Protein chains: 2
Amino acid sequence: MKNITSYVQDNKQRFIDELIELLKIPSISADSAYKNDTIKTADAVAKSLTKAGCDVVEICETDGYPIIYAHKIIDKNLPTVLVYGHYDVQPPDPLDLWTSPPFEPVIKETKLHPEGAIFARGACDDKGQMYMHVKALEYMTKHGELPCNVKFMIEGEEEVGSVNLGKFVKQNQEKLANDVILISDTGMIAKDVPSITTGLRGLSYVEVEVTGPNRDLHSGLYGGAVANPINVLAKMIASLHDENNHITIPGFYDNVEELSQDERAQMAKAPFSLESYKEALDIDAVYGEKGYTTNERNSIRPTLDVNGIWGGYTGEGAKTVIASKAYAKISMRLVPNQDWENITTLFKNHFESIAPKGVTVKVTPHHGGQGYVTPIDSIGYQAASKAYEQTFGKTPIPQRSGGSIPIVSLFEQELKSKTILMGFGLDSDAIHSPNEHFGIWNYLKGIETIPYFYKYFTELS
Amino acid sequence: MKNITSYVQDNKQRFIDELIELLKIPSISADSAYKNDTIKTADAVAKSLTKAGCDVVEICETDGYPIIYAHKIIDKNLPTVLVYGHYDVQPPDPLDLWTSPPFEPVIKETKLHPEGAIFARGACDDKGQMYMHVKALEYMTKHGELPCNVKFMIEGEEEVGSVNLGKFVKQNQEKLANDVILISDTGMIAKDVPSITTGLRGLSYVEVEVTGPNRDLHSGLYGGAVANPINVLAKMIASLHDENNHITIPGFYDNVEELSQDERAQMAKAPFSLESYKEALDIDAVYGEKGYTTNERNSIRPTLDVNGIWGGYTGEGAKTVIASKAYAKISMRLVPNQDWENITTLFKNHFESIAPKGVTVKVTPHHGGQGYVTPIDSIGYQAASKAYEQTFGKTPIPQRSGGSIPIVSLFEQELKSKTILMGFGLDSDAIHSPNEHFGIWNYLKGIETIPYFYKYFTELS
């Protein structure tokens with residue numbers, strides 16, 4: 001891999017330009033209004049894989065958005081790396097909080113990114129991080145330095161729960177056969193603190209609907225005499241946490257893996273400043289489950305958050321109305337051993353059971369996925385660790401992430417292989433938020449580091 | 001008034017057609033997008049008063065929408081009736097629940113209105129009820145049967161708190177001088193149970209904003225570690241009622257007028273079927289303050305209702321986000337002796353005081369007004385009672401309404417005269433709701449009854 005560093009420097013501008021083109025397409029999988037753009041993005045990704053040197057590139061139709069499959073097989077006796085990523089992005093709203101349009105990428109310097117960062121929805125999650133792998137492959141094929149076989153599986157429904165990926169994986173186990181799965185869809189602790197994500201939280205995402213009277217009512221004539229669906233929904237949501245911010249759903253914690261004091265002590269060694277954390281979010285205090293630190297609350301502990309709520313009159317001015325219906329979108333982050341389908345059932349039963357008389361409650365599961373933990377003594381982890389040492393000059397820190405990539409546990413189950421999460425983004429990259437961005441330094445560092453993973457993984461295998 | 005009944009029958013179709021024209025104009029005062037339509041409605045009302053025989057008709061500019069003033073003075077020594085009404089309407093949303101467009105009036109038969117009802121926003125509240133007075137005047141002037149002086153004051157900001165009416169009344173006390181104020185902006189118990197509203201609830205309407213982190217956050221990376229503004233808002237709203245549905249704001253009940261057991265017994269005599277009430281709303285149970293009946297809860301007791309709530313992702317599909325902000329519109333219905341400005345302050349102080357660390361809370365008062373009670377031994381009440389006896393063949397029942405007409409107490413204070421509330425609508429007319437309508441029978445009965453009020457009020461004075 002002797003020329004990778006110079007190759008990245010020489011092609012820097014082209015790498016940036018190509019990513020910017022990809023970011024211009026609003027591939028919002030959650031909103032059917034962007035169907036054509038999402039499909040257009042799939043085609044663009046397929047083309048880039050052909051150009052990068054794949055022998056086979058297929059746009060595989062599903063019941064939803066297509067999955068791009070590609071491969072370059074150089075020797076059946078050599079190990080095979082399967083790269084997973086996604087080309088769909090989160091909805092950009094609230095649009096008014098973006099300092100530049102989400103689908104008109106611009107490069108701006110930030111405190112953490114003096115070399116500049118690309119601002120656009122999907123810059124980091126996951127177009128930018130997925131594209132690092134395409135460019136890393138381009139280097140290896142161009143220089144005859146691809147040391148093993150490689151397969152790509154890039155989907156377009158990750159942000160809506162990978163609804164069709166499971167079926168695809170089950171039906172294509174031979175095609176997807178591999179020795180290790182490589183994903184860049186997570187972050188690292190800091191630019192000078194490389195880390196490898198060894199744990200992911202599971203997810204259960206539901207939508208609830210509370211119905212009271214059969215029509216909106218005048219709050220003067222009916223106020224105080226009938227159950228107000230919004231007040232009731234607020235009461236029900238409030239009751240889901242106790243005074244210590246423990247979740248009150250019966251059985252919710254039954255299978256939660258409790259870390260040992262030693263493991264928690266290890267975690268606590270990761271560099272973290274509560275002050276700068278609060279300062280970055282502009283809050284005067286953190287908030288969460290009693291008995292756990294901030295880093296534990298968002299990684300090894302399950303959570304319940306309302307992601308959206310609406311009901312009644314939300315327009316300009318005042319309307320004295322009692323709404324007929326109130327809604328909320330609620331997601332629970334789960335830790336290893338919590339089964340998302342079981343948790344979804346527990347939530348549904350509990351939420352319906354606490355509905356007072358005078359209203360009816362409907363709980364609709366959206367999607368979910370299992371949590372995941374990977375051992376740090378696997379060949380894949382060791383190869384990734386050595387790759388970081390090569391390009392960062394530091395041994396990466398194993399880290400539990402609070403995020404969810406539900407399909408990781410599916411991969412292990414169906415493809416019998418471990419996943420290595422090499423993330424190059426930063427928490428401050430604002431993924432899922434307005435002004436999402438990806439540091440150019442991080443982008444190029446990723447492209448530079450990935451080929452070494454292939455090298456060491458092949459050597460260690 | 002010997003010809004009123006036949007006059008109403010002979011002109012029935014024209015009365016309906018004229019009202020329908022007025023209902024076609026979307027005079028939504030809460031939404032500035034309808035500014036021109038609201039002003040257009042003011043002009044239409046002014047024209048109708050000229051045609052009905054007023055000597056003077058003025059479109060009085062204010063800082064908001066114009067107030068229509070008109071009068072016909074036949075003899076300074078005779079009493080003067082001041083008619084108040086409003087030409088603005090509530091916003092029609094949710095539009096998808098209307099069975100016909102809110103501003104394309106249609107006549108449909110209903111169980112309660114076999115003679116047909118006009119379906120349109122404002123049909124009952126208040127264009128239809130206001131226009132009854134215009135047509136009643138038309139009859140009296142045409143037949144030389146106007147027994148006293150009459151003044152009209154029709155405003156365009158009732159649905160947004162009559163923000164400019166107070167100033168207008170204070171500045172025009174002489175012009176508005178009167179012996180009694182007559183308003184049709186309430187309902188009656190049933191078509192065969194005429195009633196006169198003797199009490200109104202006050203109102204305090206506020207908007208609250210809860211701000212957590214300075215941007216929307218990824219619920220996986222931050223979930224459980226920072227205060228989620230939506231969860232916090234839900235908790236704060238839930239805490240505003242205790243387990244008996246008493247409002248928990250300190251001092252909230254301090255000035256609440258407690259009715260005697262005798263008064264409550266009198267109230268309980270009004271015909272009411274809890275079963276048909278629940279059936280009409282399609283609910284399995286009523287809900288409210290412990291220790292009070294449904295009719296007490298929505299008339300003699302103060303209430304707190306969330307009229308609208310919003311925050312986070314409310315679009316199609318799922319977005320795993322922790323919102324930076326969450327909002328709610330909250331209104332409190334007040335009973336006589338509760339001062340709305342004091343209550344607004346109590347709410348603001350309490351709501352801000354219960355905000356947990358990690359969020360900031362902003363409370364913005366929208367508008368409000370005082371409650372009101374009128375004695376049943378006044379000349380005005382007696383005249384109204386006799387008018388109903390004339391056209392309904394029944395003595396009307398005095399009734400407390402849960403609704404608010406904040407300016408009624410202002411009138412008493414500034415103009416030193418009592419207000420008589422002769423309402424001809426029904427609770428089921430769905431005012432402030434989709435499919436608002438006004439029974440043609442009620443509309444015509446109102447036009448027929450009103451002239452008798454003038455007759456008896458003049459005789460009794």
Side-chain angles (χ1 to χ4, degrees), chain A residues 30-31 90-91 160 205 213-216 218-228 230-231 234-235 237-238 281-288 294 297-298 301 303 305-314 316-322 331 333 357-358 366 402-404 427 431-434, chain B residues 30-31 90-91 160 205 213-216 218-228 230-231 234-235 237-238 281-288 294 297-298 301 303 305-322 331 333 357-358 366 402-404 427 431-433:
Chain A
D31 188 341
Q90 279 276 316
V160 290
Y205 199 112
N214 53 6
R215 64 175 198 276
D216 286 4
H218 185 296
S219 68
L221 303 183
Y222 292 89
V226 299
N228 176 327
I230 301 177
N231 288 72
K235 238 187 171 55
I237 289 170
L281 299 176
D282 199 6
I283 52 177
D284 62 354
V286 291
Y287 185 95
T294 293
R297 287 166 174 171
N298 64 21
R301 299 298 296 169
T303 63
D305 275 294
V306 180
N307 303 109
I309 191 165
W310 68 103
Y313 184 67
T314 60
E316 190 189 342
K319 187 168 192 279
T320 51
V321 67
I322 292 178
S331 69
R333 296 285 170 171
K357 279 189 171 179
H366 262 307
S404 306
D427 273 6
I431 66 172
H432 290 212
S433 305
Chain B
D31 188 340
Q90 279 276 318
V160 290
Y205 199 112
N214 52 7
R215 65 176 196 273
D216 286 5
H218 184 296
S219 68
L221 303 183
Y222 293 89
V226 299
N228 176 327
I230 301 176
N231 288 72
K235 239 187 170 55
I237 289 169
L281 299 176
D282 199 7
I283 52 178
D284 62 355
V286 291
Y287 184 95
T294 292
R297 288 167 173 171
N298 63 22
R301 298 298 297 170
T303 63
D305 274 295
V306 180
N307 303 109
I309 191 165
W310 68 102
Y313 184 67
T314 60
E316 189 188 343
K319 188 169 192 282
T320 50
V321 68
I322 293 177
S331 68
R333 295 286 170 170
K357 278 189 171 180
H366 261 308
S404 305
D427 273 6
I431 66 172
H432 290 212
S433 305

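Chain identifiers are assigned alphabetically (A, B, ...) following the order of the sequence lines, protein sequences preceding nucleic acid strands; residue numbering begins at 1 within each chain. Predicted model, so just to flag it, every value in this text is computed and none were measured. These numbers come from the heavy atoms of this one structure, side chains and all, not from hydrogens, waters or symmetry mates.
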What is the distance from atom NZ of A:Lys235 to atom NZ of B:Lys235, rounded to the nearest 0.5 Å?
12.0 Å

Closest approach of B:Gly358 to A:Asp284 (non-hydrogen atoms, all atoms of both residues)
N-OD1, 2.8 Å

Option in A:Ala285, A:Ala225, A:Ala238, A:Ala30 with maximal non-hydrogen atom pairs under 4.5 Å from chain B
A:Ala225

Rounded distance (nearest 0.5 Å) linking atom CG of B:Asp305 with atom OH of A:Tyr222:
13.5 Å

Between the CD1 atom in B:Ile309 and the CD1 atom in A:Ile309, the distance rounded to the nearest 0.5 Å is 4.0 Å

Most heavy-atom pairs under 4.5 angstrom with chain B, which of A:Ile237, A:Asp31, A:Leu221, A:Asp427?
A:Leu221

Please name all residues satisfying ring pair (Phe, Tyr, Trp, His ring centres under 6.0 Å) with A:Tyr313, sequence neighbours left out, ordered by chain then number.
none

Does any backbone or side-chain atom of B:Thr314 lie under 4.5 Å from a heavy atom of chain A? Answer side chain, backbone, both or neither.
both

Could you tell me which of A:Gly402, A:Gly223, A:Ser404 has the largest number of non-hydrogen atom pairs under 4.5 Å with chain B?
A:Gly223

Please classify the contact of B:Val306 with chain A as side chain, backbone, both or neither, using a heavy-atom distance under 4.5 Å.
both

Given a strict heavy-atom distance threshold of 4.5 Å, which part of A:Thr320 is in contact with chain B: side chain, backbone, both, or neither?
both

Taking only residues two or more places apart in sequence, or in another chain, which ones meet A:Arg297 in a side-chain hydrogen bond (donor to acceptor under 3.5 Å, both in side chains)?
none

Pairs of heavy atoms under 4.5 Å with chain B: top-ranked of A:Ser219, A:Gly288, A:Gly312, A:Ser331:
A:Ser219

Contacting moiety of B:Thr303, where chain A heavy atoms sit under 4.5 Å
side chain

Assert top hit (heavy-atom pairs under 4.5 Å, partner chain A, pool B:Arg301, B:Lys357, B:His218) equals B:His218

Mind checking whether A:His366 and A:Tyr205 have parallel, tilted or perpendicular rings, split at 30° and 60°?
perpendicular

Most heavy-atom pairs under 4.5 angstrom with chain B, which of A:Val160, A:Asn228, A:Asp282, A:Ile322?
A:Asn228

How long is the straight-line distance from CG of A:Asn231 back to CG of B:Asn307, given to the nearest 0.5 Å?
9.0 Å

Applying a strict 4.5 Å limit to non-hydrogen atoms, the region of B:Arg215 in contact with chain A is side chain

